[in-house]
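Being a predicted model, the structure only gives us computed values, none of them experimental. The figures that follow rest on heavy atoms only: side chains count, while hydrogens, waters and symmetry mates do not. In what follows, residues are counted from 1 in the order of the sequence shown. In listed order, ligands and their atoms are each counted from 1.
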Amino acid sequence: MKAVVFEKFGEAPTIQTVPDPKPAADGVVIKVEATGLCRSDWHGWMGHDADIRLPHVPGHELAGIVVAAGKHVTRWKAGERVTVPFAVGCGHCFECTSGNHQVCEHQSQPGFNAWGSFAEYVAIEHADTNLVRLPDEMEFATAASLGCRFVTSFRAIVDQGRVTPGEWVAVHGCGGVGLSAIMIASSMGANVIAIDLTEEKLNFAKKIGAVATINASTTPNVVKAVKQITNGGAHMSMDALGHPTTSFNSIANLRRRGRHVQVGLMLGEHARPQVPMDKVIAFELEILGSHGMQAYRYPAMMEMIRHGKLKPELLVGKKISLNEAPAALMAMGGFEGIGIGVVTKF
Ligand SMILES: [Zn+2]
Ligand SMILES: [Zn+2]
């Protein structure tokens, strides 16, 4: 099969012909029909992820068609249209059996500790636990765009952030994660403040539900601005970018008993950011992470999509071919344009 391969961290990936994958006894092989481009692929390529063994095929936001299933797979067969969370749970550890597959102790992550979906085919383990059936009307590109940023934001807002109608939600950073969070929090009835450095993204944030915006490039004190708009601070706030400044602001702009959810990755030199711990204690703040979403939580989100309450297709950006993927991957270190780039031609 054709695949995007990198042999050294930070050196240009190339298109290569590699052996077709075979399904594990409890796994499947999926013909990839769409795969999203994500900043975490860029982090992986830069060598920020200790799980990656070289040579490596990146890609973890995928949708496609099952072409082969191992002998122990009971729920899936060739021909079915599927997607999969980026953290693939083993189904047997304590976390999985208690319903928390997204933090499985033995999780496999295609595109990180296994070869990923920047390829014609990808092998996925533990298929019965992790595959998600796609609604007939959902395009593969939309399904792929859910894989990481959208589902992580869904879990961050709904399950971790526990956002309720009427609450103030601040979203720091309006890339793929941030825009997803804005759409989801708005659909839950929250009042959302979008914060970014560019007017273009803030205008888009308004179109998908933000009630207020803050341009951090022209606002000297973002925390103060959030507190003014919300009359005391946000109930829930998210760092959707993953930067020491946005992470700090997201915690500091909370009102008493507020919840901060960290979704933007903090890796390399940013892995240990400053936290206003004095405020965490005095205000009884909660600091939470969100790491993907369990396959069994997808149906709730899919129903909201089916009825038009969530429109992830609005967040799909440029569609490109696999041949264009190496250059696009290397460019992910810069700031994203609006929308999630997706490879749709293989
Ligand atoms: Zn597990
Ligand atoms: Zn991703």
Side-chain angles (χ1 to χ4, degrees), residues 4 24 26-27 32 34-46 48-49 51-52 56-63 83-118 122 124-132 141-156 173 175-181 239-242 262-267 289-298 312 315-318 320 325 328-329 331-333 335-337 339-343:
V4 172
D26 72 344
V32 183
T35 185
L37 289 150
C38 178
R39 220 175 152 80
S40 11
D41 295 314
W42 177 85
H43 278 298
W45 169 67
M46 286 295 286
H48 297 161
D49 191 315
D51 289 338
I52 294 178
H56 183 67
V57 177
H60 58 280
E61 306 184 353
L62 67 115
T83 188
V84 65
F86 71 83
V88 174
C90 72
H92 302 291
C93 73
F94 177 80
E95 297 303 339
C96 284
T97 52
S98 62
N100 290 299
H101 308 79
Q102 79 284 0
V103 289
C104 169
E105 293 164 34
H106 314 291
Q107 62 194 265
S108 69
Q109 292 190 5
F112 298 99
N113 65 7
W115 277 15
S117 53
F118 281 22
V122 63
I124 301 293
E125 296 181 288
H126 317 308
D128 282 340
T129 306
N130 293 285
L131 292 197
V132 175
T142 305
S145 79
L146 301 176
C148 157
R149 285 159 280 191
F150 201 85
V151 297
T152 300
S153 290
F154 190 87
R155 181 168 165 74
V177 169
L179 292 174
S180 303
D239 174 15
L241 176 66
Q262 184 68 38
V263 174
L265 294 180
M266 304 288 268
L267 299 172
S290 179
H291 188 256
M293 188 167 79
Q294 314 92 315
Y296 73 81
R297 283 291 285 143
Y298 275 60
L315 304 179
V316 175
K318 217 170 155 194
I320 63 169
L329 172 69
M332 288 300 288
F335 285 98
E336 309 163 72
I340 293 169
V342 184
V343 177

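Here His291 and Phe86 bring their ring centres to under 6.0 angstrom of each other.
Between the side chains of Ser153 and Ser180, no donor-acceptor pair of N or O atoms lies under 3.5 Å. Counting only N and O atoms by type, the side chains of His43 and Asp49 include no donor and acceptor under 3.5 Å apart.
Here the side chains of Asp41 and Phe112 are in contact, with some heavy-atom distance below 4.5 Å. Counting heavy atoms from C-beta on, the side chains of Met293 and Gln102 never come closer than 4.5 Å.
Restricting His60 to its N/O/S atoms, the shortest distance to the Zn ion (ligand 2) is reached by NE2. Residue-level check: among N/O/S atoms of Glu61, OE2 sits closest to the Zn ion (ligand 2).
A donor-acceptor pair is defined here as one N or O able to donate and one able to accept, closer than 3.5 Å; such a pair exists between the side chain of Gln262 and the backbone of Gly264. In terms of modelled atom types and a separation under 3.5 Å, the side chain of Thr97 and the main chain of His92 share no donor-acceptor contact.
Among the atoms of Asp41, no N, O or S atom is found under 2.8 Å from the Zn ion (ligand 2).
Ring orientation note: the planes of His48 and Trp42 are nearly perpendicular, at an angle over 60° on the 30°/60° scale.
Looking only at protein N/O/S atoms, the ones less than 2.8 Å from the Zn ion (ligand 1) make 4 in total.
The SG atom of Cys38 and the SG atom of Cys148 meet at the Zn ion (ligand 2) at an angle of about 120°, given to 10°.
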